Amino acid sequence: MSDPVCGCFLKCLNVCAEWYDDAIQYNHGGLQKEQREYLLRLRAAIGGLSSLLNDEQVAPNLRGFLPVLAPFENLRSQLSEFDTKLMRVAELRSDSKPRTGLESDFVDALIYQDHFKERSPFEWLAGVYLPEVYYLFFGFESGWGKGAKYLSFVDVVLRSLKVKAEDRTSYSRETISRAVRVRADGNIRRKKGPLVDSDVPDQMEWYRHMHFMDAIRVELGLGLEMRLKSSLEHARRVLADFSAAK
């Protein structure tokens with residue numbers, strides 16, 4: 001493996017490690033629950049402040065002076081508008097239909113977070129990300145995610161990243177093999193991902209592959225053609241052609 005291709009390989013592994021960290025963070029709904037609880041507290045605070053700005057709530061000796069010394073009429077309307085927007089944000093979910101471009105970006109972020117709930121973080125790493133990287137650079141001789149060489153590769157990566165089971169032991173090769181065979185639960189997946197194009201069947205898969213291709217493109221100094229809608233096979237051909245030219 002030439003130095004540039006080795007650099008591509010390491011970058012792709014770094015991408016996998018970053019996604020694994022995201023999978024740990026978003027595999028449960030804790031962060032989104034915390035987000036909604038914060039919005040509830042914020043809306044309650046706005047409600048309390050709006051109530052205090054009601055004319056009847058202002059201290060009698062201030063009623064003739066406060067609106068002049070510290071005008072708050074516009075503030076009340078602004079707080080009302082702000083509260084309406086916060087209520088909309090709190091309602092948004094990964095399967096919501098966005099009304100604006102900014103809402104679309106927020107919903108896309110929720111989709112990205114929610115898709116990690118389809119599998120465990122370990123299953124994402126050993127059963128999805130690493131098979132794709134292995135296929136890109138080495139190919140499979142015994143079928144997708146199979147063979148002693150692939151299992152050894154995953155074992156080395158897991159140990160390097162210090163990824164262990166709940167009992168702090170290393171994952172066995174049997175467990176790694178099962179991770180490759182896991183299929184996403186269709187009842188959990190709400191949506192296939194941010195809409196890239198209508199003819200892309202799996203948006204999240206496309207998103208992953210574009211990250212791999214971008215890592216390869218930057219490391220090899222290639223043009224933007226690697227960012228087009230392409231398969232892993234296209235990236236494999238690029239790597240093979242580059243290696244042959246060297």
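Every value quoted in this text rests on a predicted model; they were computed, and no experiment measured them.
- When all heavy atoms are compared, the tightest approach of Arg159 to Ser170 is NH1-OG, 3.3 Å.
- Residues Trp144 and Val180 share a closest heavy-atom pair of O-CG1, 3.9 Å.
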Original post:
Taking it one step at a time, do Asp155 and Tyr171 satisfy side-chain contact (heavy atoms from CB on, under 4.5 Å)?
Top reply: CA-CA 8 Å; Asp155 183 58; Tyr171 283 101; over 6 Å; no
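- Residues Val58 and Asn54 have side chains not in contact (no heavy-atom distance under 4.5 Å, counting atoms from C-beta outward).
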**OP:** Could you walk me through whether Leu125 and Leu158 pass the side-chain contact (heavy atoms from CB on, under 4.5 Å) test, one step at a time?
**Re:** CA-CA 9 Å; Leu125 181 61; Leu158 294 180; 3.6 Å; yes
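- Atom-to-atom distance recorded for Leu136:CG and Leu130:CG is 12.0 Å, nearest 0.5 angstrom.
- Here the CE-CG distance, from Met87 to Leu39, works out to 12.0 Å after rounding to the nearest 0.5 Å.
- Rounding to the nearest 0.5 angstrom, the gap separating the NE2 atom in His115 from the CG atom in Leu110 is 13.5 Å.
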Original post:
Which is it for Arg88 and Arg99 under the side-chain contact (heavy atoms from CB on, under 4.5 Å) test, yes or no, and what are the steps along the way?
Top reply: CA-CA 10 Å; Arg88 173 60 180 167; Arg99 299 171 183 169; 3.5 Å; yes
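- The side-chain heavy atoms of Tyr150 and Phe138, taken from C-beta on, include no pair separated by under 4.5 Å.
- No close placement of the Tyr20 and Tyr129 rings is indicated, their centers lying 6.0 Å or farther apart.
- Taking CD1 of Ile216 as the reference point, atom NE2 of His234 lies at 9.5 Å (rounded to 0.5 Å).
- Between Val107 and Ser94, the shortest heavy-atom contact is CG1-O, 3.8 Å.
- A salt bridge links Arg76 to Asp55: at least one charged side-chain nitrogen sits closer than 4.0 Å to a carboxylate oxygen.
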**OP:** Starting from the C-alpha separation in whole Å, work towards a yes-or-no answer on side-chain hydrogen bond (donor to acceptor under 3.5 Å, both in side chains) for Glu233 and Tyr135.
**Re:** CA-CA 9 Å; Glu233 284 77 6; Tyr135 175 75; 3.2 Å; yes
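- The environment of Lys11 atom NZ is dense: over 12 non-hydrogen atoms of other residues, nucleotides or ligands sit within 6.0 angstrom.
- Within 6.0 Å of CZ in Phe140 there are more than 12 heavy atoms belonging to other residues, nucleotides or ligands.
- Taking the charged nitrogens against the carboxylate oxygens, Glu174 and Arg178 have no contact shorter than 4.0 Å, which rules out a salt bridge.
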Subject >> CA sep, side-chain torsions, deciding dist, call: Glu123, Val128, side-chain contact (heavy atoms from CB on, under 4.5 Å) >> reply: CA-CA 7 Å; Glu123 289 167 348; Val128 178; over 6 Å; no
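- Other residues, nucleotides and ligands contribute at most 12 non-hydrogen atoms within 6.0 Å of the CG atom of Leu102.
- Minimum interatomic distance between Ser152 and Arg173 (heavy atoms only, all atoms of both residues): OG-NH2, 2.9 Å.
- The aromatic rings of Phe116 and Trp124 lie perpendicular to each other, with more than 60° between the two planes, well past the 30° mark.
- A distance of 6.0 Å or more separates the ring centres of Phe9 and Phe212.
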